[in-house]
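Okay, structure first, notes after.
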Amino acid sequence: MEFLDLPPMLGAAGSVRLPGSKSISNRVLLLAALAEGETDIRDLLMSDDVERMLEALRALGVEWRREGDSLNYRVRGVGGPFPVKHGDLFLGNAGTAFRPLTAALALSGGEYRLSGVPRMHERPIGDLVDALRQLGADIRCTANEGYPPLHLKPATIRPGGVVRVRGDVSSQFLTALLMALPLTGVETTIEVVGELISKPYIRITLELMARFGVQVQQQGWERFVVPGGARYHSPGTVFVEGDASSASYFLAAGAIGGGPVRVEGVGRSSIQGDVRFAEALEQLGARITMGDNWIEAAAPASGVLKAFDLDLNHIPDAAMTLAVAALFADGPCRLRNIASWRVKETDRIAAMATELRKVGAEVEEGADYLVVKRPAALRPAAIDTYDDHRMAMCFSLVGLGGCRVRINDPKCVNKTFPGYFDAFARVARPVPVVAIDGPSASGKGTVAARVAEALGWHYLDSGSLYRLSALAALRAGVALDDEAGVAALAAALPARFEGGRVLLDGDDVTDDIRSEACSAGASRVAVLAAVRAALFDRQRDYRVAPGLVAEGRDMGSVIFPDAGIKVFLTASAAARAERRYKQLMEKGLPANMESLLKDLQERDARDAARPVAPLTKLPDAALLDTTERNVDEAVAFVLELVEAGRKSSG
Ligand code: DC
């Protein structure tokens, strides 16, 4: 399975332009299709769900075209029911396409089949089907009653009167009915049975219908009268607001990670209910500022979000973001009245509970609520996303706890926000890494340790882990080519680094691991893939605020490919041999220049030729040749790179 590894973060700040709202995009497309006249739609969302709607409309005889590769579309409305009377539509997992099209097609007098992905076939639609049947529609659920796929047949529609629809499972059933009823031309009253959930989404529907010329009379949240003779007319141009649900991840990032983080595209004048997510964040102590078309969030003055107990029925989608924000609150948090989560892209209550537990949270799961208690420290985990875009986006916030996180199947964000992870990377500030590699005896260890000290960052001498693995194998009598045996030792290496000393199982082995036997052993175990894999996470755990200087072969290529600074530190073989010679002499050890040089040259050749993690300068690494430089100059060179990087990232 594909995955995306997100690094631990120091914080978040910056600004993001939001993609268009999914709810508005798919409603406007349908209204423009049914309307008289042409509609120019600006800033339409480009995502899977909108694609499904566009494809369906084309199949139903609606002409539309995209202007170049802009986000602007022109739709030629058909001015009434769809002209194409036969169709077989595949609508993926797009509820915002499936429900409204079901209603519009049921009243279009044709024969249609509607289906989606397997999960779509588990999502209820019975309440809408029941309502449409009251109007005379002939709708069959071809697999299970109350669920897609659907087979719609031509039928005599008996418009007018009162249609009753349940409102307590999904507000999309009411939305679908409201948008379709003007096709009948006869005044119809909708009565909502049960407590209507997700009311702000109905507001979006009514607001957009009004823009297309149909004013629905609203009597509380129980009765809606669609007037007789109502017809949709194109308003000319419609601007799609930024997606307020998508805004929630960035606002939460600002509230958790210091901020300020600004989202552009939604604000005070938004018609989307999910802008009220900002109010919820405010109740957690976040500092929120708002303009007509932007919202900004920063961390509470105290630095920590307050625990909460909130009814979130009005913002079901954005509320998921609060479940993850609860990992950063100062006490247990309760999310109430969220039963609709169970019939969304996945059972979101169950999915959220399972994945929050993976990072260490204590979670209580109820039929319509969640209680989330943060752990003392977050644990790195691989998060499953259940083909649910919001699961993937929510869990990207875990990195703000200084904890790396793996997002499985990250492309599920394409449903509503294909560029999500790039946008997130623009505001997230990862814990910085300087990766230093180079040939044997190039002085990379000395330089790396000095740079770490100068910056006050952590230091990883990755070679010592391979040396320790070799030593552990030698001590345990495990053959150095016993891949599984050495890997098992490497995975559980009882090693500690303390004040420049290296301890194995409590023994000081600082000098032992530098012995010729360990050096030779290290280079043998380092070519074993299972050993490298066993040390993978251990090395990544060194990435801790405020930063890390990591030295060794694959630091910049495999362990920290996203390192902001990569350095390839080298020197001529002659210069390196001479340095080694001096070191040995100083220690009073026997040394021979010629054989040292020959050794180094042979080792370089072996290192460059080995199939696993060969010695090579990465294209994005800065070359630092120290043949003519001393250690101080080399350290200064790297520190300048760090400084320049800081300046360019603001
Ligand atoms: O840097 P060093 O000499 O301490 O490394 C010891 C051995 O481990 C050497 O053969 C290179 C290898 N090594 C590696 O393969 N990958 C690393 N990240 C670090 C060292």
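These figures come from a predicted structure and were not determined experimentally. Whatever order the structure lists ligands and atoms in, that order sets their numbers, starting from 1. Just so you know, residue 1 is the first one in the sequence shown, and it goes up from there.
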Measure from every N or O atom of ligand 1 to the protein's N or O atoms and keep only the pairs below 3.5 Å, writing each with atom names and distance to 0.1 Å.
from, atom 1, to, atom 2, distance (Å)
ligand 1, 3 (O), Arg467, NH2, 3.0
ligand 1, 4 (O), Arg467, NE, 2.7
ligand 1, 4 (O), Arg467, NH2, 3.4
ligand 1, 15 (O), Arg532, NH1, 2.8
ligand 1, 15 (O), Arg532, NH2, 3.4
ligand 1, 15 (O), Arg610, NH2, 2.7
ligand 1, 16 (N), Arg532, NH2, 2.9
ligand 1, 18 (N), Ser462, OG, 2.9
ligand 1, 18 (N), Arg553, N, 3.1
ligand 1, 18 (N), Asp554, OD1, 2.9

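Residues passing the side-chain contact (heavy atoms from CB on, under 4.5 Å) test with Val263, sequence neighbours excluded: Leu18, Ala247, Phe250, Leu251, Val266, Ile295. Every residue meeting the salt bridge (charged side-chain N to carboxylate O under 4.0 Å, His left out) condition with Arg475, not counting sequence neighbours, appears here in chain and number order: Asp507, Asp512. Among residues two or more places apart in sequence or in another chain, the side-chain contact (heavy atoms from CB on, under 4.5 Å) test is passed with Ala323 by Leu335, Trp341, Met352, Leu356.
Expressed to the nearest 0.5 Å, how far NZ of Lys598 lies from CG of Asn592 amounts to 10.5 Å.
Side-chain contact check for Pro7 versus Arg543: some heavy-atom pair is nearer than 4.5 Å.
Note: Phe417 and Tyr420 have perpendicular aromatic rings, judged against thresholds of 30 and 60 degrees for the angle between ring planes.
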